[in-house]
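Written out below as structure tokens is the structure these notes cover.
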Number of protein chains: 2
Amino acid sequence: MHQAVIATVDIVFLTIHNGRLGVALSKRDKEPFQGGDALPGGYIHAQEDRDCLDAAVRILHEKTGILPPYLEQLQTFAGAARDPRGWSVSVAYFALVHYRVIESAHHPDVAIFPVDALRRLPFDHNDIIATAVDRIRNKAQYSSLPCHLAGETFTLPKLQKVYEACLGEALNKVSFRRKMQELAVLEAVPGQMETEGAHRPAQLYRLKAEFKNGLKSLARGL
Amino acid sequence: MHQAVIATVDIVFLTIHNGRLGVALSKRDKEPFQGGDALPGGYIHAQEDRDCLDAAVRILHEKTGILPPYLEQLQTFAGAARDPRGWSVSVAYFALVHYRVIESAHHPDVAIFPVDALRRLPFDHNDIIATAVDRIRNKAQYSSLPCHLAGETFTLPKLQKVYEACLGEALNKVSFRRKMQELAVLEAVPGQMETEGAHRPAQLYRLKAEFKNGLKSLARGL
DNA sequence: ATACTTAGTTGCATTTTGTAACTAATAGGC
DNA sequence: GCCTATTAGTTACAAAATGCAACTAAGTAT
């Protein structure tokens with residue numbers, strides 16, 4: 001088949017670190033750019049299904065040891081200029097996870113970098129990351145997407161800080177809570193409060209199960 | 001290279017026909033599904049660049065004779081079930097054009113079908129079209145995307161009907177005009193009015209040049 | 001001239017959004 | 001125990017955006 005091409009998956013693995021949106025990069029174990037920080041990526045196997053979700057889950061797990069709670073297709077990048085080995089096509093995904101999940105995996109070759117101060121990365125990875133950041137910033141304006149960055153349970157003030165980190169601007173407390181109310185994706189964890197410091201404790205919330213799109217369904221076969 | 005895969009492009013070519021959102025399908029000239037109506041599609045050539053835009057422009061031109069005024073990447077579909085020949089990956093695009101452009105190309109193998117009453121199509125083309133329709137319906141709520149369905153010049157009442165066809169619901173005249181005003185993507189064609197019937201003529205508008213994303217830049221090399 | 005039809009605007013009621021000021025609940029210092 | 005500091009969560013109200021009905025405008029047909 002002369003039309004066959006090299007197809008890869010690259011994953012923009014986003015998290016909130018030190019109050020800023022960050023991307024988890026892994027050290028490349030092969031040439032080109034061996035040893036450089038880059039997006040976790042790999043070849044698509046022709047038996048993997050559900051678009052390239054299966055490949056994305058497998059590759060992210062291989063490179064970081066993490067089964068992502070949230071994974072969504074971003075965009076497909078193709079061209080001759082993106083890889084020194086020649087023309088290639090890459091289906092990019094983005095994953096969202098709470099910082100603690102990356103931390104507790106303590107994979108030696110994975111590190112987090114703030115997305116707004118990235119140095120020049122291999123291939124077209126700066127472009128891919130910029131596209132992912134645009135997407136999440138845009139969706140943060142009207143959707144519950146950033147909730148996946150806040151962990152299993154969280155308080156509303158914590159969640160607001162996550163949204164603020166995504167959007168890069170301060171939000172009004174009342175407006176934010178009204179918006180969350182109307183999105184109707186959260187449920188209070190019964191009785192559970194978070195007490196942290198010398199002040200009124202806050203109610204813990206979690207995503208309702210039907211909005212989780214989680215690890216269980218994504219990770220089948222691993 | 002055992003990782004090489006078959007990669008294609010499929011294009012959801014949308015237009016407004018008889019006041020409804022329609023998709024232009026072309027008769028397949030090869031097996032499988034020879035003679036059936038399907039999305040215009042074809043193999044990606046490994047020298048084509050700008051993601052798969054070049055391939056999308058070439059393929060749409062081959063199958064319909066049209067250089068699309070507007071083309072945007074939709075999503076990538078992959079899996080074993082979508083093609084009887086086995087696993088494949090397809091980068092889907094959607095194109096928007098005014099009905100007259102398709103009509104005046106009078107390509108014998110191209111026909112327009114309303115998107116909300118499609119019969120079962122080959123491959124996963126029903127899924128791809130549904131995804132495109134979702135995307136345009138969503139973008140019609142806040143963006144100028146449907147303007148590309150309205151032709152070179154159009155009146156505001158005509159444009160409103162295009163938006164209504166996309167969204168599938170009637171819109172308020174004043175609100176619609178306010179929204180268009182604030183999007184600030186239109187300019188009046190100086191002096192030009194459309195007189196059509198026994199009533200007050202309407203002002204003609206067009207997209208400002210910077211929002212066209214047009215044929216000139218897309219069609220290089222054809 | 002008058003009636004009819006669609007284009008486009010104006011004024012106002014309704015709804016949504018943003019803000020400040022309030023109350024609530026905790027820990028810690030004295 | 002009681003006051004203070006601090007953050008959580010609510011309330012009341014002002015400001016802005018949206019939706020609607022009624023208006024004026026400009027043409028053709030009779």
Side-chain angles (χ1 to χ4, degrees), chain A residues 16 18-19 137-144 146-147 150-206, chain B residues 16 18-19 137-144 146-147 150-206:
Chain A
I16 304 287
N18 295 334
R137 278 209 221 289
N138 188 39
K139 286 208 174 185
Q141 289 173 340
Y142 61 88
S143 85
S144 59
C147 295
E152 271 297 299
T153 66
F154 42 82
T155 67
L156 286 182
K158 289 267 173 64
L159 184 62
Q160 184 173 345
K161 285 187 179 61
V162 169
Y163 270 79
E164 290 172 338
C166 289
L167 292 167
E169 63 180 0
L171 296 175
N172 179 272
K173 181 169 55 166
V174 178
S175 303
F176 175 74
R177 294 166 101 98
R178 264 197 294 241
K179 187 65 76 182
M180 279 301 137
Q181 179 105 260
E182 118 189 0
L183 283 175
V185 297
L186 300 184
E187 60 186 6
V189 183
Q192 288 250 54
M193 305 291 269
E194 186 189 70
T195 313
E196 196 174 73
H199 54 81
R200 178 175 176 174
Q203 176 65 55
L204 277 176
Y205 290 86
R206 63 180 164 224
Chain B
I16 304 289
N18 295 334
R137 278 208 222 288
N138 188 39
K139 286 209 173 185
Q141 288 173 340
Y142 61 89
S143 84
S144 60
C147 295
E152 271 298 298
T153 65
F154 42 82
T155 68
L156 286 181
K158 289 268 173 64
L159 185 62
Q160 184 173 345
K161 284 188 178 61
V162 169
Y163 269 79
E164 289 172 341
C166 290
L167 292 167
E169 63 180 1
L171 297 175
N172 178 274
K173 180 168 56 164
V174 178
S175 302
F176 176 74
R177 294 166 101 97
R178 264 197 293 242
K179 187 64 77 183
M180 279 300 136
Q181 178 105 263
E182 118 189 359
L183 284 175
V185 296
L186 300 184
E187 61 186 5
V189 184
Q192 288 249 53
M193 305 292 269
E194 186 189 70
T195 314
E196 196 173 73
H199 54 81
R200 176 175 175 173
Q203 176 65 54
L204 278 176
Y205 291 86
R206 63 181 164 223

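Residue numbers start from 1 in every chain, and the chains themselves are labelled A, B, ... in the order their sequence lines are given, proteins ahead of strands.
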Check: A:Phe176 has an atom CZ; how far is it from atom P of C:dG18, in whole Å?
Finding: 13 Å

Checklist line | Nucleotide nearest A:Glu182 when distance is taken to its side chain, options C:dT9, D:dT11, C:dT17 | finding: C:dT17

Checklist line | Gap between atom OG of A:Ser143 and atom NZ of A:Lys179 - 0.5 Å precision | finding: 11.0 Å

Note to self: Check this one for me: any side-chain N or O of A:Ser175 less than 4.0 Å away from OP1 or OP2 of C:dT17?
What the structure shows: no

Check: If only side-chain N and O atoms of A:Arg177 are considered, is one of them under 4.0 Å from the OP1 or OP2 phosphate oxygen of D:dG9?
Finding: yes

Notebook entry, point to check: Tell me: CG of A:Asn172 to C1' of D:dT10, nearest whole Å?
Noted result: 13 Å

Notebook entry, point to check: What's the shortest heavy-atom distance between A:Arg206 and A:Glu152, and which atoms?
Noted result: CB-O, 3.4 Å

Note to self: Rounded to whole Å, please give me the gap between NZ in A:Lys158 and P in D:dT7.
What the structure shows: 12 Å

Item checked: A:Gln203 side chain to A:Ala188 backbone, donor-acceptor under 3.5 Å -> no

Next item on the list: Using atom CZ of B:Arg200 as one end and atom P of D:dA26 as the other, report the distance to the nearest whole Å.
Entry: 6 Å

Notebook entry, point to check: For the residue pair A:Tyr163 and A:Phe176, does the interplanar ring angle fall in the parallel (under 30°), tilted (30 to 60°) or perpendicular (over 60°) class?
Noted result: perpendicular

Checklist line | Rounded interatomic separation in angstrom, taking CG from A:Leu171 and P from C:dG18 | finding: 9 Å

Notebook entry, point to check: Could you give the CD-to-C1' distance, from B:Gln181 to C:dT10, as a whole number of Å?
Noted result: 14 Å

Note to self: Measure NZ/B:Lys179 against P/D:dA17 and give the value in whole Å, please.
What the structure shows: 10 Å

Item checked: Under 4.0 angstrom between A:Arg178 side-chain N/O and C:dT17 OP1 or OP2 -> no

Note to self: With nearest nucleotide decided by heavy atoms, which residue, A:Ala198 or A:Lys173, maps closer to the 5′ end of DNA chain C?
What the structure shows: A:Lys173

Check: Atom CE of A:Met180 and atom P of D:dT10: how far apart are they, to the nearest Å?
Finding: 15 Å

Check: Taking the side chain of A:Val174 as heavy atoms from C-beta outward, which of D:dT11, C:dG8, D:dG9 is closest to it?
Finding: D:dT11

Check: With no hydrogens and no angle check, is any side-chain donor or acceptor of B:Arg137 less than 3.5 Å from a backbone partner on B:Cys166?
Finding: yes

